[in-house]
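Keep in mind that this is a model prediction, so the values were computed, not measured. Chain letters run A, B, ... following the sequence lines, proteins first, then strands; residues in each count from 1.
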Protein chains: 2
Amino acid sequence: MDLSRQELPLYRELAERLRGELHRFAPGDYLPGELSLAARFAVNRHTLRRALDELVREGRLLRQKGKGTQVLAQPMIYPMQAGSAYTASLSAQGHGVEAVLLDRRVRPASDTEARHLQLDPGSPLLELDTLRLIDEQPVSLIRHRYCASREPLLADYRGGSLRSHLAARGLTLSRAYSLIGARLPDSEEAQRLLMPRHAPLLTVLTLSQDLAGRPVELSYSTSRADCFEYQVAP
Amino acid sequence: MDLSRQELPLYRELAERLRGELHRFAPGDYLPGELSLAARFAVNRHTLRRALDELVREGRLLRQKGKGTQVLAQPMIYPMQAGSAYTASLSAQGHGVEAVLLDRRVRPASDTEARHLQLDPGSPLLELDTLRLIDEQPVSLIRHRYCASREPLLADYRGGSLRSHLAARGLTLSRAYSLIGARLPDSEEAQRLLMPRHAPLLTVLTLSQDLAGRPVELSYSTSRADCFEYQVAP
DNA sequence: GGCGATTTGTCCGTATGTATC
DNA sequence: AGATACATACGGACAAATCGC
C-alpha cells in the first residue's frame, strides 16, 4: 500500500478527489454505487462512505436509501431586492422565475391565522403551496393563505405569479408586515429544494393587505439562504 | 401488518439516552471513555461513537483526541421579536440586555463600505465589535463601522447601548436600509455565541443615517436564529 | 402485485495509528 | 515508557428502500 503520504486521512483525501470530479456530473445525476466507487478507489466501502459523508455535509451530495446518491447544484448567489412581489422583482433582474403549484386545500384557520386575517377562529382558509424556481433551480417554498371566500379568484390558478394573477382579477395587494427568521429545513423541505439538511433556510411570514388596508393574504416562505437575501428599505 | 412501533436505529436511541443524561454533568466535565460507555450500554464502540457523533453535531459535546469528550453548555431558546434599536426594543420587552465591547480598531474602508457611507475609498473607518447578551446569554455579534471622524463621539464608549450613547452626544440615527440573510457560523462566531456550528445565524446588514439623511453607520449583526427573529413593518 | 436485484443504512468485530497524560 | 483515549481503516452481515421485470 501507499503509505508515503500520511498528511491527510485517507477518507479526507478521497473526499478531495471526489469533490474534484463532481463537476463532470450534471446536478441531479446519480453517482455510481458505493461498492463500485469503493472498488475503483481500492478502499473499503466504509471508507468511501466516510468520504461521501464529507461531501454530503458540504451540501454537494444527497443520499437516498435504495436509490442512490445524487449530485446537487452548487450554490449560487442571487442578491435580491424584495420590497414587492416575488416573481416580478426577480424577473426584473433578468432571472427566469417559475412557480409550480404543489398543493391546494381548504382547512379551518388557527387562532393566530384568524387574528392576522381578522377572521373568526375556525373560519375556512384556502391554502396554496407553491415551489419557486429561479433559473430552473428550486429556491423557495411558499404557503399562501386566504379567506376561503377568495376561492373564486384563485380557482383557475395553476402556477406563475400569484400577485399578478390576483391583480388581473382586481385584487391588488401590498405588504403590511413581515417577520423574518432562519432555521434548518425538515427532510421534505430539503428534498423539495434539493438542498442539504444542515444548510439554513430564511423564513419570512408576511401579512398583505388590499388597497383599503384590509388584511387579505398570509404567506410563509422558506428560501435557501445561500440563494436568497432579503432587502428592507423604508 | 405488525408495524405498530417504528423503531429508531440503535445509535439514534442511544443518542437520545445520552442526551437525557448530559444534565448530570457540569459543562466542562469529561464523559467516561468510549469503551466503558460502550460496555455500559452493551453496544459496539462504533455504535456508541455514532451516537456521540449526533451529540457533537448538536453542539453538546466536544471531542479532544487523546484527552476525552467534554460536555458543553446547553443552548437555550428565547423566542422573540426585534424591531428597531437593538438594546431599546429588547429592554422594552423586559429582557436584560447587555453589550460588551470586544474590539475597536481603525482601518481603511473597502469600496463597498465607502460607497455605502459616501466616503472616498480607503478613508479611515472606526470599527467596533460588540457582543450582545440577552438575559445573560450571548445572542448576537455586531460590527459597527463609522467614518473615523466620529471617533471623538465614541472614544469613551465601553459598552451598553450604542444608539443611546450617540444620541446622548447629539447624534440621532435611523435605519435607512437593511439586507437580511442567513448562514452558518464560523468557529469563532460559534465559540463567542456558545452555539453549535450547524445551527443557523441570521445576518443583518444595516445602513443608518442621521436626521439630515446622511449615511453615518454601517452595521453587520449576526444573531442566533433560535433566539432571534426580525420584524419588518412599514 | 410479487419478487429478485441493486443501493444505501446500520451494526458488529478487529486492528492499528496518534495524541495526551 | 506505558497507559489511556480518540481516530482511522479494514472486514462481514443483514435491514430497508427502490426499481424493473
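Straight-line distance from the CG atom of Leu48(A) to the P atom of dT8(D): 16 Å, rounded to whole Å. With rounding to whole Å, Asn44(A) atom CG is found 15 Å from dT8(D) atom P. Look at CG on Asp53(A): it is 12 Å from P on dT8(C), rounded to the nearest Å. Between Leu35(B) atom CG and dA3(D) atom P the separation is 16 Å, expressed in whole Å. In this structure, the CG atom of Leu10(B) is 13 Å from the C1' atom of dG9(C), given to the nearest Å. Atom NZ of Lys65(A) and atom C1' of dT6(C) are 14 Å apart (whole Å). For the pair Gln64(A) CD and dT6(C) P, the computed distance is 20 Å after rounding to whole Å. The CZ-P distance, from Phe41(A) to dT8(D), rounds to 19 Å in whole Å.
Using a 4.0 Å heavy-atom cutoff across all strands shown, Arg50(B) reaches sugar-phosphate atoms only and no base atom. Within the nucleic acid shown, Arg45(B) comes within 4.0 Å of at least one base atom, counting heavy atoms only.
Here Lys67(A) reaches the OP1 or OP2 of dC19(D): one of its side-chain N or O atoms lies under 4.0 Å away. Between Arg49(A) and dT8(C), a side-chain N or O to OP1/OP2 separation shorter than 4.0 Å is absent. Listed pair Thr69(A) / dT7(C) fails the phosphate criterion, with no side-chain N or O lying under 4.0 Å from OP1 or OP2. Not one side-chain nitrogen or oxygen of Thr47(B) sits closer than 4.0 Å to the OP1 or OP2 atom of dT10(C).
Side-chain atoms of Arg169(A) come within 3.5 Å of backbone N or O of His165(A) as a donor-acceptor pair.
Heavy atoms only, all atoms of each residue included: Ser140(B) and Ser223(B) are closest at OG-OG, 2.8 Å.
We find that Arg104(A) and Glu151(A) are not joined by a salt bridge, their nearest charged nitrogen and carboxylate oxygen being 4.0 Å or further apart. Taking 4.0 Å as the cut-off between side-chain N and carboxylate O, Glu21(B) and Arg40(B) count as a salt-bridged pair.
Residue His46(A) places its side chain closer to dG11(D) than to any other of dG9(C), dG11(D), dC6(D). In this structure, of dA16(D), dT8(D), dC11(C), it is dT8(D) that holds the atom nearest to the side chain of Tyr11(A).
For the 3.5 Å distance criterion, the side chains of Thr203(A) and Thr222(A) fail to qualify, holding no donor opposite an acceptor.
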